[in-house]
Amino acid sequence: MLKNYIKIAWRNISRNKVFSVINITGLAIGIAASLLILQYVAFELSYEQSHEKGDRIYRVRQERYEKGQLQTNWAAGAFAIGNHFKEAFPEIEDYVKLVKQQEVLLDNEQRSVKVSSVYWASSAYFKVFSTPLVTGDPATALAAPNTVVLSESIARKLFGKEDPIGKIIRQNHHRIFKVTGVYKDMPSNTHLKADAMYSYASYQDMVKPDDPETGWQWDGCLTYLLLRPDADPRKLEAKFPALVSRYYVDVPKEFTTKYFLQPLKDIHLYSHLMLEAETNGQGNTVYLLMGIALFIIGIAWINYINLATARAINRAVEVGVRKAIGSRRSQLVAQFMIESVMLNGMAVVMALFLVVFSIPLFNSVTGQQLSFSLLYDRLFWTVLMALFITGSFLSGLYPAFVLSRFKPVVVLKGKAISSRQGSTLRKSLVVVQFAASLFLLVGMLTVFKQIQFMRSQQLGINIAQTLVIKPPIIYTDSTRMRQTQAFKEQLMRESNIHSVTVSSIVPGEASPLNVGGIRLIEQHQTEGKQFRAINVDYDFVPAYHLKLVAGRNFDRDFGMDGAEGAVIFNRTGIRRLGFDNPELAVGKLIFFWGDTLRIAGVVEDFHQQSLHDAYESLILRLRPDVRGYISVGVSPDNVNATLAAVQRNWNTFFPANPFEYFFLDEHFDEQYKADQRFGKVFGIFTALAILVACLGLFGLASFTIVQRTKEISIRKILGASVPEIVQLLYREFALLIVIAFGIATPVAWFSVTQWLKGYAFRTELYWWLFALPFVLVLLIAFLTVSFQSIRAALLNPAHSLRSE
């Protein structure tokens with residue numbers, strides 16, 4: 001029986017080649033697109049799954065308030081909370097402290113390697129996190145001062161095949177550490193990716209006599225708690241305020257600090273705080289892409305249902321005959337389900353080829369690193385089988401029951417078997433398809449418009465033609481300032497260089513220096529406020545073309561502009577200090593972290609970071625000896641020669657340091673890379689969704705026209721022109737698209753409005769963002785339907801009516 005079912009199914013598939021190709025192609029595109037998107041989604045959702053105790057690990061995040069208003073929200077908060085919380089709360093089994101280090105140069109006097117991801121880690125790290133040690137004792141590897149554990153790849157670069165345990169390495173040709181362990185390279189699906197970890201005891205030695213273990217006002221430490229299996233995190237969190245209040249007795253009541261537990265597995269997708277370990281993903285984006293995957297595969301399944309039910313009249317006689325000779329309804333259902341399984345099976349095979357060929361493109365667009373090893377992944381095949389089984393069942397079940405219920409007496413007499421319910425269903429499904437397509441188009445256009453808006457706005461700071469050199473790693477404190485000044489002077493002698501300045505950070509980066517308690521010298525300490533500070537030299541303001549709105553720039557001729565003397569605020573910062581008129585702030589003295597400084601000037605607000613963020617309260621603090629990035633303003637003429645000259649001078653003044661540079665405009669645009677990537681992914685899969693919808697529309701229009709061939713012929717005989725016939729056939733589908741537009745527009749408006757709220761500076765929702773998708777879909781539908789309509793309208797009526 002099964003063999004007969006397969007034969008009949010194959011016969012029907014091969015006889016109706018156009019409809020079979022449309023169905024298989026649509027299903028294949030839907031399955032392939034869904035597979036690729038779901039692999040991306042699965043990776044994003046897999047973060048931290050490698051940690052056996054991951055469900056019991058929580059990071060402590062910190063919020064600091066000023067007069068009840070949230071001012072800062074930290075991932076890396078106070079240093080003291082780990083040990084104090086462990087002592088006070090029995091629910092905590094252990095804790096880990098991690099402090100991120102700047103990039104360093106490690107060497108063993110034979111080989112050296114630059115390492116950018118380095119942490120100071122407390123001794124319980126390997127007990128809490130499941131990072132396997134290849135060699136070394138996890139209980140003691142991070143216990144003693146001046147010890148370090150290395151990742152496998154870094155150990156291999158430094159020691160080759162030698163056993164590194166007990167060997168000595170140097171940091172920046174200066175501090176010495178003993179290697180006590182080697183761990184497996186951390187997976188890509190974790191927010192903590194360390195190439196090397198020093199013992200936290202080494203950090204304590206370095207910062208003495210300021211003991212970070214007791215620092216409640218000293219921020220910058222990532223703290224992770226391992227809770228006991230029976231601990232309730234919410235009840236534990238409720239105990240924090242009482243303990244914290246005991247250690248903030250000397251802090252004015254206007255300033256409060258709160259601590260919260262953050263599940264380890266939520267960090268990557270839902271945490272975007274100050275001093276994150278890395279730039280995290282976007283949970284909303286992940287789930288939106290999952291929704292797009294469901295849209296595409298759903299549209300493909302709708303196509304199958306539409307075409308199968310539309311072709312019911314052609315299969316009616318077959319059903320009638322088979323029922324007349326004794327076929328039961330269950331057998332007919334089985335027959336049509338077999339056809340669905342075969343079509344979906346062919347689509348799966350085609351989808352596999354599409355996935356394989358599109359992996360390189362997918363990787364370039366999404367930044368993922370999928371490879372052909374994906375084909376050996378159990379999850380990949382699980383998702384594929386789920387799509388195959390679900391698709392076969394959903395797309396085949398309804399048509400099977402519709403076709404199997406025809407009554408033989410009715411259909412064998414030649415009576416019509418089409419029903420209003422069937423027509424309504426098909427129209428409803430077409431409306432759903434195009435509503436989804438319109439929704440995606442509106443979303444895609446909004447994403448691109450927002451990206452264009454952010455990249456086209458004036459930043460208030462000039463970043464064009466700016467070459468930025470990364471700070472030297474190896475230097476001597478006593479000569480660094482003199483070396484840097486001599487290097488700047490030498491560069492300024494080059495004809496194609498017009499400015500050189502040094503700063504702790506450059507535009508496009510958040511300042512890690514968040515200073516609290518800043519106030520006018522005559523104000524009470526309760527009036528202190530939080531500001532972001534950037535350490536700069538004398539040349540920062542003119543080099544970046546910042547606009548002074550009051551006062552003056554730092555000046556070497558003014559005695560107060562020494563190493564501890566002057567600051568410049570931005571307009572938002574001076575307003576936060578209490579001055580609506582910037583001129584009134586110039587010359588005022590402020591209390592700055594134990595120092596008394598004078599306000600030299602005020603600059604117009606500028607975008608230190610992307611337009612995701614609002615203007616921050618910024619202070620430019622003059623530090624002539626600042627160690628940081630060296631920004632070089634270069635002429636657009638002969639950039640390569642200028643770059644060579646800069647490198648030549650660098651090698652003269654900083655010979656032991658690698659010459660690493662970037663162009664600032666490209667670096668600044670890196671902030672928009674995630675948005676651009678999301679826009680491309682959104683655009684590609686929106687186009688695929690529309691393509692699949694149009695395939696279905698093409699098939700449905702073709703079948704509708706076949707059913708109305710005689711009507712078209714009669715109308716032609718009665719004088720109807722080709723345009724009138726095309727208009728008649730198109731009108732029905734145009735009405736469905738209008739209904740889809742009416743459904744999609746309010747949903748799309750609400751969705752994109754909510755999405756845009758994530759941007760401090762955002763584009764307006766113009767009317768054409770909704771009208772253009774509607775016109776585009778109408779045009780695509782017109783072209784899709786017109787091909788078949790014109791062809792039918794040009795047929796000779798005599799051929800169609802001959803049988804009548």
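Between Tyr766 and Trp768, the ring planes are parallel. Angles under 30° get that label, and only those over 60° would be called perpendicular. Under the 30°/60° scheme for interplanar angles, the aromatic rings of Trp120 and Tyr203 are found to be tilted.
Looking at His667, its side chain never comes within 3.5 Å of a backbone N or O of Phe663 through a donor-acceptor pair. A donor-acceptor distance shorter than 3.5 angstrom exists from the side chain of Thr446 to the backbone of Val442, with no hydrogens or angles considered. In this structure, Glu44 contributes its side chain and Gly283 its backbone to no donor-acceptor pair below 3.5 Å. Of the possible donor and acceptor atoms, none in the side chain of Arg623 sits under 3.5 Å from a partner among the backbone N and O of Ile534. The backbone N or O of Val502 lies less than 3.5 Å from a partner atom in the side chain of Asp537, making a donor-acceptor pair.
Scanning for salt bridge (charged side-chain N to carboxylate O under 4.0 Å, His left out) contacts around Asp669 gives Arg455, with sequence neighbours left out. Annotation: side-chain contact (heavy atoms from CB on, under 4.5 Å) contacts of Pro241 (sequence neighbours excluded): none. For Lys673, the side chain to side chain donor-acceptor pair (under 3.5 Å) partners two or more places apart in sequence, or in a different chain, are Glu670. When the salt bridge (charged side-chain N to carboxylate O under 4.0 Å, His left out) test is applied to Glu237, the partners found at least two apart in sequence or on another chain are Arg234. Residues meeting the side chain to side chain donor-acceptor pair (under 3.5 Å) test with Ser751, sequence neighbours left out: none. Residues satisfying the side-chain contact (heavy atoms from CB on, under 4.5 Å) test with Gln754, not counting sequence neighbours, are Phe750, Lys757. Contacts of Arg762 classified as salt bridge (charged side-chain N to carboxylate O under 4.0 Å, His left out), with partners at least two apart in sequence or in another chain: none. Asp539 pairs by the salt bridge (charged side-chain N to carboxylate O under 4.0 Å, His left out) definition with Lys488, Arg556, not counting sequence neighbours. Shown here are the side-chain contact (heavy atoms from CB on, under 4.5 Å) partners of Arg575, two or more places apart in sequence or in another chain: Arg571, Thr572, Asp580. Annotation: side chain to side chain donor-acceptor pair (under 3.5 Å) contacts of Tyr47 (sequence neighbours excluded): none.
Pairs passing the salt bridge (Lys or Arg N to Asp or Glu O under 4.0 Å) check and including a residue from residues 498-520, sequence neighbours excluded, do not occur. Listed by first and then second residue, the salt bridge (Lys or Arg N to Asp or Glu O under 4.0 Å) pairs involving residues 264-286 are Arg59-Glu276, Lys193-Glu278 (not counting sequence neighbours).
Counted by atom type alone, Gln450 and Thr763 present zero donor-acceptor pairs between their side chains at under 3.5 Å.
Aromatic ring centres of His607 and Phe761: separated by under 6.0 Å. You'll find the ring centres of Phe240 and Phe89 inside the 6.0 Å limit. In summary, the aromatic rings of Phe654 and Phe659 are positioned with their centroids too far apart to meet the 6.0 Å limit.
Side chains of Leu264 and Tyr58 form no contact here, defined as non-hydrogen atoms less than 4.5 Å apart.
Geometrically, Lys470 does not engage Tyr629 in a cation-pi contact defined by less than 6.0 Å to the ring centre and at most 45° from the axis.
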